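Heads up: the structure comes next, in structure tokens.
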Amino acid sequence: QVQLVDAGGGLVQAGGSLRLSCAASGRTLTGYIMGWFRQAPGKVRELVAAISKNGGNTYYTDSVKGRFTISRDGAKNTVYLQMNSLKPEDTAVYYCAAGRTYYSDYYTSTRRNEYDYWGQGTQVTVSS
């Protein structure tokens, strides 16, 4: 079992920055692809960014490209999402997720059903 704890959300003005963290316990994240999802009120949960097991491959949804950066620190068993130039439309609850995979170390996934473990979520609110 992997337990994930999301943190780092808050209220920020448009144009500001936040860094989310996802700390894992129970097992090392080696062997897991990681993703950050978000869900705004009345909307479906969407994948924002994903990173491969070795950190060498990343995916970003179009709306955050150039503004968000996903990274992972194996020594700390933690994944981060650096969010810059935030916009009001980025307001949502953000969830990290982990998926066990035996594919290539560079494999990432945009499919929600490939993620087995989820954090509790952290609220990000961007004011205009």
Side-chain angles (χ1 to χ4, degrees):
Q1 286 281 7
V2 175
Q3 291 82 43
L4 302 175
V5 178
D6 306 327
L11 173 63
V12 64
Q13 289 188 330
S17 298
L18 284 173
R19 188 175 81 153
L20 306 184
S21 64
C22 172
S25 61
R27 287 189 177 179
T28 176
L29 290 179
T30 303
Y32 289 82
I33 55 172
M34 300 298 297
W36 282 99
F37 291 74
R38 68 185 178 188
Q39 188 167 17
K43 295 189 175 181
V44 298
R45 191 173 298 189
E46 63 168 346
L47 178 65
V48 174
I51 190 166
S52 61
K53 290 186 289 186
N54 64 2
N57 189 23
T58 55
Y59 163 88
Y60 298 95
T61 193
D62 286 346
S63 61
V64 308
K65 283 180 182 177
R67 300 189 298 122
F68 290 12
T69 302
I70 188 171
S71 61
R72 60 193 300 163
D73 185 334
K76 295 183 178 180
N77 218 27
T78 299
V79 177
Y80 303 96
L81 185 68
Q82 178 67 44
M83 306 186 296
N84 299 328
S85 302
L86 282 161
K87 304 175 181 180
E89 52 263 44
D90 295 319
T91 295
V93 178
Y94 284 71
Y95 301 87
C96 74
R100 189 72 171 95
T101 180
Y102 299 94
Y103 293 135
S104 158
D105 286 350
Y106 288 92
Y107 178 77
T108 60
S109 177
T110 61
R111 292 186 288 271
R112 184 175 167 178
N113 62 4
E114 292 201 41
Y115 293 87
D116 308 303
Y117 303 99
W118 294 81
Q120 83 287 0
T122 185
Q123 176 70 48
V124 172
T125 303
V126 185
S127 63
S128 57

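As a basis for the values below, the full set of heavy atoms in this structure was taken, side chains included, without hydrogen atoms, waters or symmetry mates. Treat the numbers as computed from the prediction; the structure is a model and nothing was measured.
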Problem set entry | Least distance between heavy atoms, Pro88 atom then Ser128 atom |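 The pair with the smallest heavy-atom distance is CG-CB, 3.9 Å.
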
Exercise. Taking the six-membered ring for Trp, are Phe68 and Trp36 ring centroids under 6.0 Å apart?
Worked result: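 No, too far apart.
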
For this session: Verify side chain to side chain contact (heavy atoms under 4.5 Å, CB included) between Val126 and Gln13, making sure each step is shown before the conclusion.
Result: CA-CA 5 Å; Val126 185; Gln13 289 188 330; over 6 Å; no

Should [X] and [Y] be counted in the same cluster of Ile, Leu, Val, Met, Phe, Trp and Tyr side chains packed under 4.5 Å apart?
{"X": "Tyr117", "Y": "Tyr95", "answer": "no"}
{"X": "Ile70", "Y": "Leu4", "answer": "yes"}
{"X": "Met83", "Y": "Ile51", "answer": "yes"}
{"X": "Leu47", "Y": "Tyr60", "answer": "no"}
{"X": "Trp118", "Y": "Leu20", "answer": "no"}

For this session: Please confirm whether Arg45 makes a cation-pi placement over Phe37, using NZ or CZ under 6.0 Å from the six-membered ring centre and within 45° of the ring normal.
Result: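 Pair Arg45/Phe37 does not count as cation-pi.
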
Exercise. Honestly, is Arg19 close enough over Tyr80, meaning NZ or CZ under 6.0 Å from the six-membered ring centre and within 45° of the axis?
Worked result: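 Arg19 over Tyr80 ring: yes.
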
Does the side chain of [X] reach to within under 4.5 Å of the side chain of [Y], using non-hydrogen atoms?
{"X": "Val64", "Y": "Arg38", "value": "yes"}
{"X": "Asn84", "Y": "Leu86", "value": "no"}
{"X": "Thr58", "Y": "Thr108", "value": "no"}
{"X": "Gln82", "Y": "Ser17", "value": "yes"}
{"X": "Cys22", "Y": "Met34", "value": "yes"}
{"X": "Tyr94", "Y": "Val48", "value": "yes"}
{"X": "Val79", "Y": "Cys96", "value": "no"}
{"X": "Val44", "Y": "Gln39", "value": "no"}

For this session: Return yes if a side-chain donor-acceptor contact under 3.5 Å exists between Glu114 and Tyr103, otherwise no.
Result: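 Note: Glu114 and Tyr103 side chains miss the donor-acceptor criterion.
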
Exercise. Is the closest side-chain donor-acceptor distance between Thr28 and Thr30 under 3.5 Å?
Worked result: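 Short answer, yes.
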
Exercise. When you look at Arg72 and Asn77, which way does the side chain to side chain contact (heavy atoms under 4.5 Å, CB included) test go after all the steps?
Worked result: CA-CA 8 Å; Arg72 60 193 300 163; Asn77 218 27; over 6 Å; no

Exercise. Under 6.0 Å from the CZ atom of Arg27, do we count more than 12 heavy atoms belonging to anything else shown?
Worked result: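 Incorrect, the count does not exceed 12.
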
Problem set entry | Carboxylate-amine/guanidinium proximity below 4.0 Å for Lys65 and Asp62 |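 Yes, this pair counts.
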
